[in-house]
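Numbers restart at 1 for each chain; the letters A, B, ... are given by sequence-line order, proteins then strands. Heavy-atom basis, side chains included; hydrogens, waters and symmetry copies ignored.
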Protein chains: 2
Amino acid sequence: MKEKKRNPNPTIKDVARLANVGIATVSRVLNNSEKVSEKTKERVIEIIEELGYSPNINARTLSSKNINSLSFVTPDMGNEFYGIMYSLLEKKISRNNYRLIVFPLIDQISLEKIKQNTDLIYQTDGVFFSSLSVSSIFHNRIPPKKIILIDSYDERFDSVYVDNYQIGKTAAEYLISNSPSNSTFYLVTFKELNNEFTSFVFKKRDEGFLQVMEKNNKKVKIIYSDLMWDGGYKAIGNIIKRRPKKYSSIFATCDMIGVGVKKYLEEKNMHPKRDYSLIAVDNLPISRLFQLTTIRQPIIEMVEIAYEMFISSMEGRDKVEHYQLEGKIVERET
Amino acid sequence: MKEKKRNPNPTIKDVARLANVGIATVSRVLNNSEKVSEKTKERVIEIIEELGYSPNINARTLSSKNINSLSFVTPDMGNEFYGIMYSLLEKKISRNNYRLIVFPLIDQISLEKIKQNTDLIYQTDGVFFSSLSVSSIFHNRIPPKKIILIDSYDERFDSVYVDNYQIGKTAAEYLISNSPSNSTFYLVTFKELNNEFTSFVFKKRDEGFLQVMEKNNKKVKIIYSDLMWDGGYKAIGNIIKRRPKKYSSIFATCDMIGVGVKKYLEEKNMHPKRDYSLIAVDNLPISRLFQLTTIRQPIIEMVEIAYEMFISSMEGRDKVEHYQLEGKIVERET
DNA sequence: CTGTTAGCGCGTTCAA
DNA sequence: TTGAACGCGCTAACAG
């Protein structure tokens, strides 16, 4: 037999032995150290290829203390909002040679996993939480890491977020100024369960909205919807059975709900700005297809700031920073 | 000062010292070994809490060889399809005490990362690829891991997938049998770039569709769309300017495109099954809101089978297995 | 430029 | 039931 059976997991030692060099030399080759002659370098690389060797990352980080990875905790995989956020953030931090690892916090299982101090998240250099409440997840056993909050607020941690009260208020003002005085006001929203994931964005939007409405002596019909694509459709369908005579002014507290609402109204032959006004929140890509007027979540800016906060904190800043951003209206058909 | 400043990264040694035991004992406590007295166990746990100690996972796996994590490589975060797939798979494999780590392969950056043999993916016990072509990602330097393909096929690896030719054919047959003989046939599809991510699902659907159409002597207008929510809307809008007199029979090769197509037709006052038939592919949650007739991707079954393949392979199976599933029509309004 | 060696933090013998 | 000591695979001095 000319070739021996391949070692399934060759180590740096095997490489060194076969290349007739010391392990340090192999290590230097692996780490692109300058101080190694072209000739030996070539030989080492050849052996590496031949063996299909790949360095053991555990040994590596154990020895070098260099982890170079960050965590991105999201309450929802398969959601465009977080998909965009992830990809923007990944682009940024990869400039600094970090890996960004996704931790979807989507059910009880993933919650339990993440709470165990043996979890991978405890081995990363820092954690970005998106739209999540750190204290309700970890209670008092918060990981001793650099923590940065995107789209939520906690006075103890760096945070960048939009003021959801303000979003509610903005929506209210938009509707009031775009509706006849006798119109009927609806709030179609999601009732958050008090579970470990939520940071109560919907509740805050509701409150901001209702506060302005109250101040203007407007009555509001509150309708609760599921967080599903047909949630808004069904919810509004329970209240508006056929085309009302009066003008309808509707605040859907997210695009996912808003899309269903608009679909329903269209089927009832109601026309935007003639029969109804509708404003939602998020500015997801799909809201453009629907020509939905919506309040934009400034994802790009949030990620930009989160990144800057991370960098400055790596560079020694230790005072906590908070950035509150504004949601701006993207006016379209409704 | 009563309490000393906390060591930022206490090790098992620190715990051992403070608890007046050997590190082996601490290790036993951490691993729930039976052979340790209640008393010392309590004391150790107390110190662990006090220190906020969490075991170094690198040292742990380095020493024990036990990784217990799997990779899930997806071409798209923020896409419901993969979100559902991930969460189903994660539920399954967590029964066997595995972690499922997400690797979004969404741009050149993530591609480069994943190709480096130092990447985290090389440290996991197995890799699930969804809708991705392994060979075009890794060329010939494929990671020496257990590899399982979901929604794509490669003779060298365990695969579970739907036959995309069959999907195209099914769509064609549906349209032919639901349309008057003089109707106009459209194929609205996405032109895949030959990049490193694709597994040419669209191309195959196109081919299956066109093959049946040709056999039935039907001419087909092919329209290319972006993979965006308004892609189908714009694409069909370029061809159909106003409501055509003849019946239109349309195959949109995914729901994302189909949704936009239907939206456009509705705006032109065209009614399903009176003016047009439309069939898409995927059965995403949003297709229900649109009452889109679509060909269901059997996500649940695919994940189930992928899981079973993984388990049986862990139990010693070494023959490669392939499962081809069928896409079934979900008939709704169109 | 290159090889030797001492840890990194932990699991696991092996004695006690 | 416990503790000391070895080794996992690698990086980083240090010495040559």
Side-chain angles (χ1 to χ4, degrees), chain A residues 7-45 47-48 51-69 97 116-120 122-125 144, chain B residues 7-45 47-48 51-68 116-120 122-125 144:
Chain A
N7 185 333
N9 275 313
T11 74
I12 198 170
K13 265 189 192 160
D14 300 322
V15 177
R17 188 166 32 79
L18 292 173
N20 286 317
V21 297
I23 62 169
T25 303
V26 178
S27 177
R28 287 188 191 102
V29 172
L30 289 171
N31 296 292
N32 290 317
S33 170
E34 302 297 304
K35 306 175 180 177
V36 51
S37 77
E38 273 306 315
K39 228 178 61 191
T40 54
K41 187 172 179 178
E42 269 176 36
R43 193 148 34 92
V44 169
I45 288 179
I47 301 289
I48 288 178
L51 255 46
Y53 165 78
S54 61
N56 182 315
I57 206 176
N58 294 110
R60 203 173 226 194
T61 68
L62 179 60
S63 154
S64 71
K65 301 270 162 221
N66 222 348
I67 307 195
N68 265 30
S69 67
N97 226 16
Q116 288 179 5
N117 60 184
T118 53
D119 195 72
L120 182 56
Y122 284 82
Q123 311 297 321
T124 58
D125 302 312
Chain B
N7 186 330
N9 275 313
T11 74
I12 198 170
K13 267 188 192 161
D14 300 321
V15 178
R17 191 167 28 81
L18 291 174
N20 285 318
V21 297
I23 62 168
T25 304
V26 178
S27 177
R28 288 186 192 104
V29 171
L30 289 170
N31 296 291
N32 290 316
S33 169
E34 302 298 304
K35 307 173 178 181
V36 49
S37 77
E38 272 307 313
K39 228 177 61 193
T40 54
K41 187 172 179 175
E42 269 177 36
R43 192 148 35 91
V44 169
I45 288 178
I47 301 290
I48 288 178
L51 253 45
Y53 165 76
S54 59
N56 181 314
I57 204 174
N58 293 111
R60 204 173 225 194
T61 69
L62 178 61
S63 157
S64 71
K65 303 272 158 215
N66 223 347
I67 306 193
N68 265 29
Q116 288 179 2
N117 60 183
T118 53
D119 195 71
L120 182 56
Y122 284 82
Q123 312 298 322
T124 58
D125 302 311

Separation of [X] atom [atom1] from [N] atom [atom2], in whole Å?
X     : N      : atom1 : atom2 : value
A:N56 : C:dG9  : CG    : P     : 16 Å
B:I23 : C:dG7  : CD1   : C1'   : 13 Å
A:E38 : C:dC1  : CD    : P     : 10 Å
B:R28 : C:dC10 : CZ    : C1'   : 13 Å
B:L30 : C:dG9  : CG    : P     : 15 Å
A:K41 : C:dT2  : NZ    : C1'   : 15 Å
B:L62 : C:dC8  : CG    : C1'   : 9 Å

Just checking [X]: base, sugar-phosphate only, or nothing, at a heavy-atom cut-off of under 4.0 Å?
X     : answer
B:N58 : nothing
B:S37 : sugar-phosphate
B:T61 : nothing
A:V21 : sugar-phosphate

Could you tell me whether the phosphate oxygens of C:dG9, OP1 or OP2, come under 4.0 Å of any side-chain nitrogen or oxygen in B:R60?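 For C:dG9, neither OP1 nor OP2 has a side-chain N or O of B:R60 closer than 4.0 Å.
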Check whether any side-chain N or O of A:T40 sits under 4.0 Å from OP1 or OP2 of C:dT2, and answer yes or no.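 True: A:T40 side-chain N/O within range (under 4.0 Å) of C:dT2 OP1/OP2.
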Within a strict 4.5 Å, meaning less than it, do heavy atoms of the [X] and [Y] side chains meet?
X     : Y     : value
B:L30 : B:R60 : yes
B:I23 : B:S27 : no
B:R43 : B:N20 : yes
A:V44 : A:V21 : yes
B:T11 : B:N56 : no

5' to 3' on DNA chain D, which nucleotides open and close the contacts with chain B (atom under 4.0 Å from a heavy atom)?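 Nucleotide range in contact with chain B: D:dT1 to D:dG9.
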Can you tell which of C:dG9, C:dG7, C:dG3 lies closest to the side chain of A:S63?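 For A:S63, the side-chain atoms sit closest to C:dG7.
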Closest-nucleotide ordering on DNA chain D, the 5'-leading residue of B:N20 and B:A59: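 This one resolves to B:N20.
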State which residue, out of A:V15, A:I45, A:I47, fulfils the side-chain contact (heavy atoms from CB on, under 4.5 Å) condition with A:V29.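 Checked A:V15, A:I45, A:I47 against A:V29; only one passes side-chain contact (heavy atoms from CB on, under 4.5 Å): A:I45.
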Ignoring hydrogens and angles, tell me if any N or O in the side chain of B:D125 forms a donor-acceptor pair with the backbone of B:N68 under 3.5 Å.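 Answer holds: yes.
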